[in-house]
Amino acid sequence: MERLRQDDPSQVGPYVVLARFDADSAERTVPERRYLGRTADGERTVLVCVPRVGADPSRWAIEAEGARRLSVPRFLGIAEVGGTAGFPWYAAPYTPALSLPAVLAAYGGPLPEDTVRRLGAALAEALAAAHAQGVTHAGLSPAAVLVTPGGPLLTCVGAVRAAAPDGVRRAGLPGLDPGCLAVEQASGGRPGPLGDVFALGAVLAYASTGHTVPEQSELPPGLRRLVGTCLSSDPALRPQSAREVLRALVSPAAGAGPGGEASRPGGEASRPAGEAHPPAGTVLDHAAVPLPGRVVAALAAQSAALLAAELPAPHQPFASPRKVH
């Protein structure tokens, strides 16, 4: 929760803007401007988002409306989309949340491997559910991950598509972390599930090291093989589904040892016929591990500050002083 700047809107739709959601330091890799807002009667508090300055508002609005219609577990539930052709916006009910970069800042550095695995498992399960519906996230990055007391939420759906149409190079575009763009997407290819797998690997790398493109030696030994294959420039060498990544995160041996499922392409397809799939686990298995105390404290501090935030006083009409006779 950051102070507003002079170039920030004071109101978005029916919402009075109270604060910026993202820190200035994260602005370069956030594909939209995010604010905390409240209705004038104080009844509803929301996360309200608008396009970045210089972005194509029409393309952004198309992706926002598409995201509103989705029903995917752990995708941010968008309650309303509004605005004008030149200034669209969307809003979601507020829940205490920190972007992944803010989580690392609150914790004081990279997260423990167990926390990274739990976080990654929740994200992989969400992506698997989306892909099963024929939906590609196409915008996964550290800034797109919001960590809440109830687990992570995915935002910024379609950010890659909104940044540039298919066939146009996207590397270096404002708001897109280049480390999260698969080679085929950076060169203008149509976003697909294996691009999401690449981006998930970059998010796991970031949570583990603070960088989306780390040196292999920086990664925890138990995640090196999995993250390395996710970040392969050749889509055929990546895990071939988000569920395969989920299985590797839940069962470390699947992604850590030689011949582990995530260490070879097509892990699910290469399973002997008739052999049962190992249990993939559920997000609930990982939710039993609490967030680090400093992160919980930061979430509580944000909630307290927002509760204490007062709506700006309405402007009173100027009245000329009365003459005294």
Side-chain angles (χ1 to χ4, degrees), residues 1-2 19-23 25-26 29-30 34 36 45-47 72-77 92-129 137 140-156 177 180 199-212 214 218-220 222-223 226-227 242 245-246 248-252 255 280-308:
M1 185 168 169
E2 306 288 331
R20 300 172 70 238
F21 182 79
D22 295 291
S25 59
T29 54
V30 182
R34 304 189 286 200
L36 297 172
T45 302
V46 297
L47 174 68
V72 179
R74 297 207 174 277
F75 274 39
L76 179 70
Y94 169 74
T95 187
L98 297 173
S99 67
L100 188 55
V103 167
L104 265 65
Y107 184 67
L111 299 174
E113 181 178 340
D114 183 66
T115 302
V116 174
R117 285 184 175 277
R118 179 166 57 87
L119 174 70
L123 299 178
E125 190 165 63
L127 291 175
H137 184 282
L140 180 57
S141 69
V145 177
L146 301 188
V147 176
T148 77
L153 295 174
L154 281 173
T155 67
C156 305
D177 187 329
C180 295
L200 178 56
V203 168
L204 293 172
Y206 181 86
S208 301
T209 69
H211 313 289
T212 54
E218 294 181 85
L219 292 164
L223 290 173
L226 174 62
V227 172
V245 178
L246 170 61
L249 289 166
V250 173
S251 305
T282 67
V283 175
L284 293 178
D285 297 332
H286 302 270
V289 181
L291 290 170
R294 281 168 282 185
V295 176
V296 173
L299 288 166
Q302 180 198 83
S303 181
L306 191 56
L307 285 171

Asks: Using the side-chain contact (heavy atoms from CB on, under 4.5 Å) rule, take L219 and T209 through it: C-alpha gap first, then chi angles, then the decisive distance, then the call.
Replies: CA-CA 6 Å; L219 292 164; T209 69; 3.8 Å; yes
Asks: Taking the side chain as every heavy atom from C-beta outward, state whether R74 and L123 have any pair of such atoms under 4.5 Å apart.
Replies: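 Side chain of R74 against side chain of L123, heavy atoms only: no contact under 4.5 Å found.
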Asks: Is there side-chain contact between L127 and V245, with at least one heavy-atom pair below 4.5 Å?
Replies: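 No. Closest side-chain heavy atoms not under 4.5 Å.
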Asks: Heavy-atom distance under 4.5 Å between the side chains of L119 and V103, does that happen here?
Replies: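 No - every pair of side-chain heavy atoms lies 4.5 Å or more apart.
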Asks: Rounded at 0.5 Å granularity, tell me how far CG in L200 sits from CG in L226.
Replies: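 Here the interatomic distance stands at 8.0 Å.
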Asks: Could you tell me which non-hydrogen atom of G77 sits nearest to which non-hydrogen atom of P93, and how far apart they are?
Replies: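 Minimum heavy-atom separation between G77 and P93: O-CD, 3.7 Å.
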Asks: Which atoms form the tightest heavy-atom contact between L104 and G210, and what is the distance?
Replies: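 Shortest heavy-atom contact: CD2-CA, 3.8 Å.
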Asks: Is the shortest heavy-atom distance from the side chain of L36 to the side chain of T45 under 4.5 Å?
Replies: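 Counting from C-beta outward, L36 and T45 never come under 4.5 Å.
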Asks: If you compare all heavy atoms of S208 against all heavy atoms of P110, which two are closest, and at what distance to 0.1 Å?
Replies: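 Of all heavy-atom pairs spanning S208 and P110, the closest is O-CB, 3.0 Å.
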Asks: If every non-hydrogen atom of A121 is compared with every non-hydrogen atom of L246, which pair is closest and at what distance?
Replies: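 Heavy-atom minimum between the residues: O-CD1, 3.5 Å.
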Asks: For residues L98 and L146, determine if any side-chain heavy atom of one lies less than 4.5 Å from a side-chain heavy atom of the other.
Replies: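 Heavy-atom side-chain distance check fails, nothing below 4.5 Å.
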Asks: Judged by atom type as modelled, is there a donor-acceptor pair below 3.5 Å linking the side chain of T155 to the main-chain atoms of A144?
Replies: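 Yes.
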Asks: Which heavy atom of C156 sits nearest a heavy atom of R34, and at what distance?
Replies: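 Distance-wise, the nearest heavy atoms are SG-NH1, 3.9 Å.
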Asks: Please give me the minimum heavy-atom distance between A126 and V72, naming the atom from each residue.
Replies: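 In terms of heavy atoms, the two residues are closest at O-CG1, 3.7 Å.
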Asks: Quick one: pull up CZ in F21 and CD in E2 and give me the separation to the nearest 0.5 Å.
Replies: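 F21 atom CZ to E2 atom CD measures 10.0 Å (nearest 0.5 Å).
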Asks: Strictly distance-based, threshold 3.5 Å: is any side-chain N or O of Q302 a donor or acceptor partner for the main-chain N or O of A97?
Replies: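 Checking the backbone N and O of A97 against the side chain of Q302, a donor-acceptor pair under 3.5 Å is found.
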Asks: Quick check: do L76 and L154 have side-chain heavy atoms less than 4.5 Å from each other?
Replies: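 Heavy-atom side-chain distance check fails, nothing below 4.5 Å.
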Asks: Indicate yes or no: at least one non-hydrogen side-chain atom of S141 is less than 4.5 angstrom from one of Y206.
Replies: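 Side-chain contact under 4.5 Å: no.
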Asks: Are side-chain heavy atoms of D177 and P142 found at a separation under 4.5 Å?
Replies: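 Yes, side chains in contact.
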Asks: Measure the spacing between CG of L223 and CD of E218 and express it to the nearest 0.5 Å.
Replies: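 The CD atom of E218 is 13.5 Å from CG of L223, to the nearest 0.5 Å.
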